[in-house]
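All figures in this text were calculated on a predicted structure; none of them were measured in a lab.
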Amino acid sequence: MPEREVPGPLEIEEPSGPGRYRKVRARTGLPLDAEVAADQPLTAVIEVTEPGYRPPGVDVRGFITETLLTGRVRPSALAGLDQDPRVASIELGSQADQVD
C-alpha cells in the first residue's frame, strides 16, 4: 500500500460570501451578484454543531451526516445564519433549481 501524504496545517480562509460574513463562503468565480440582489434562493452545504439541527431560513433538502446538510437559502437569511451559534459554516453553490 503506498504511503499517503500527510496533509499540511489547515488555513483559515477569508470570508468570500456576500456581505463578507464570517461563516459564509462562495466558490471562486461564482457570479452571485444578480441572485443576491434579487434574493433568489441559492443551494448551500451547511455544517451545524448540533446533530439534526435545522437552521431557520434554510429549506433543508437532506442530511449528508448528522451535522452536514444540503438545502436552499435566500441571501436575506445569511446574516441570521452567520450569527447562529449552531451554524459552523455555509458553502454557497449556484442558484437553486426552482423545480421540485
What are the two closest non-hydrogen atoms of [X] and [Y], and how far apart are they?
X: V58; Y: G71; value: CG1-CA, 4.3 Å
X: P56; Y: L81; value: O-CD2, 3.5 Å
X: A77; Y: G57; value: CB-O, 4.0 Å
X: A44; Y: I90; value: CB-CG2, 4.2 Å
X: P41; Y: R74; value: CD-NH1, 3.5 Å

> If only atom types and distance count, is the side chain of D59 paired as donor or acceptor with the main-chain N or O of R72 below 3.5 Å?
Replying inline: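 Pair absent, no side-chain N/O of D59 close to backbone of R72.
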>> Test your reading of the model: is there a side-chain donor-acceptor pair from K23 to the backbone of D82, 3.5 Å cut-off?
In response: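 Side chain of K23 to backbone of D82: a pair is present.
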Sequence neighbours left out, cut at 3.5 Å: what donor-acceptor pairs do the side chains of residues 62-69 make with other protein atoms?
| from | atom 1 | to | atom 2 | distance (Å) |
| --- | --- | --- | --- | --- |
| T65 | OG1 | T67 | N | 3.2 |
| T65 | OG1 | L68 | N | 3.2 |

>> Just to verify, what does E50 make a side-chain contact (heavy atoms from CB on, under 4.5 Å) with, not counting sequence neighbours?
In response: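 side-chain contact (heavy atoms from CB on, under 4.5 Å) list for E50, sorted by chain: Y53, R86.
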>> Checking A79 now: which residues fulfil side-chain contact (heavy atoms from CB on, under 4.5 Å) with it, not counting sequence neighbours?
In response: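 Testing A79 for side-chain contact (heavy atoms from CB on, under 4.5 Å), a comparison that skips the adjacent residues, returns Y21.
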Which value, rounded to the nearest 0.5 Å, describes the distance between [X] atom [atom1] and [Y] atom [atom2]?
X: E91; Y: T70; atom1: CD; atom2: OG1; value: 13.5 Å
X: D39; Y: L78; atom1: CG; atom2: CG; value: 8.5 Å
X: L92; Y: L42; atom1: CG; atom2: CG; value: 5.5 Å

